[in-house]
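Notes follow once the structure below has been shown.
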Amino acid sequence: MQAMFGFAVVTVNLGWFRYLLNTPQMHAWHHTHPDSGPINKNFGITLSVWDCLFRKAHMPAGEFPASLGFVGLGYH
């Protein structure tokens, strides 16, 4: 169920819990197009704590990537 929650298209405020569990917002930043934000961030599927510990977390409050996708695939 946690994995499905990560793919949900919802805005949820988990407070400090977002540093422990992956959220839909964090997952969206994982798939951001390089023109819209940092790449190689947010690798955790269920737990975001590992991304936080290894400084790979990117979760700006109240912001979402302008576009999603990958370079070379023709969409974003």
Side-chain angles (χ1 to χ4, degrees):
M1 291 196 52
Q2 168 58 26
M4 297 307 289
F5 174 66
F7 283 98
V9 184
V10 296
T11 302
V12 178
N13 183 358
L14 295 180
W16 67 269
F17 225 51
R18 69 188 179 128
Y19 296 105
L20 179 62
L21 294 176
N22 198 350
T23 65
Q25 296 92 335
M26 190 172 186
H27 189 86
W29 281 106
H30 170 74
H31 288 288
T32 190
H33 189 274
D35 294 343
S36 299
I39 58 173
N40 297 327
K41 298 289 184 178
N42 303 346
F43 293 102
I45 295 170
T46 302
L47 299 175
S48 60
V49 67
W50 300 113
D51 291 310
C52 293
L53 287 173
F54 292 104
R55 298 182 182 206
K56 289 293 185 179
H58 182 76
M59 358 180 219
E63 294 182 37
F64 292 92
S67 61
L68 304 176
F70 302 95
V71 173
L73 294 181
Y75 68 93
H76 64 282

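These figures come from a predicted structure and were not determined experimentally.
Across all their heavy atoms, Thr32 and Ser67 have their closest contact at OG1-O, 3.5 Å. Smallest separation of non-hydrogen atoms from Trp29 and Gly37: CZ3-CA, 4.4 Å. Closest of all the heavy-atom pairs between Arg55 and Lys41 is O-NZ, 3.6 Å. A pairwise comparison of heavy atoms in Phe5 and Thr23 identifies CE2-CA, 4.1 Å as the closest pair. The two atoms that bring Ser48 and Met26 nearest to each other are CB-SD, 3.3 Å, heavy atoms only.
In this structure, the separation between NE2 on His30 and CD1 on Ile39 is 11.5 Å, given to the nearest 0.5 Å.
Residues Lys56 and Trp50 form no side-chain contact, since every pair of their non-hydrogen atoms from C-beta on lies 4.5 Å or further apart. By the 4.5 Å heavy-atom criterion applied to side chains, Leu20 and Val49 are counted as neighbours. Looking at Leu21 and Leu47, their side chains come closer than 4.5 Å, going by heavy atoms from C-beta outward. Between Pro65 and His58, the closest side-chain pair of non-hydrogen atoms is not below 4.5 Å.
Every residue meeting the side-chain hydrogen bond (donor to acceptor under 3.5 Å, both in side chains) condition with His27, not counting sequence neighbours, appears here in chain and number order: His31.
In the hydrophobic clustering of this structure, Leu53 groups with Leu14; members are Ile, Leu, Val, Met, Phe, Trp, Tyr whose side-chain heavy atoms approach within less than 4.5 Å, directly or through other members.
Arg18 contributes no side-chain N or O that, together with a main-chain N or O of Gln25, makes up a donor-acceptor pair within less than 3.5 Å.
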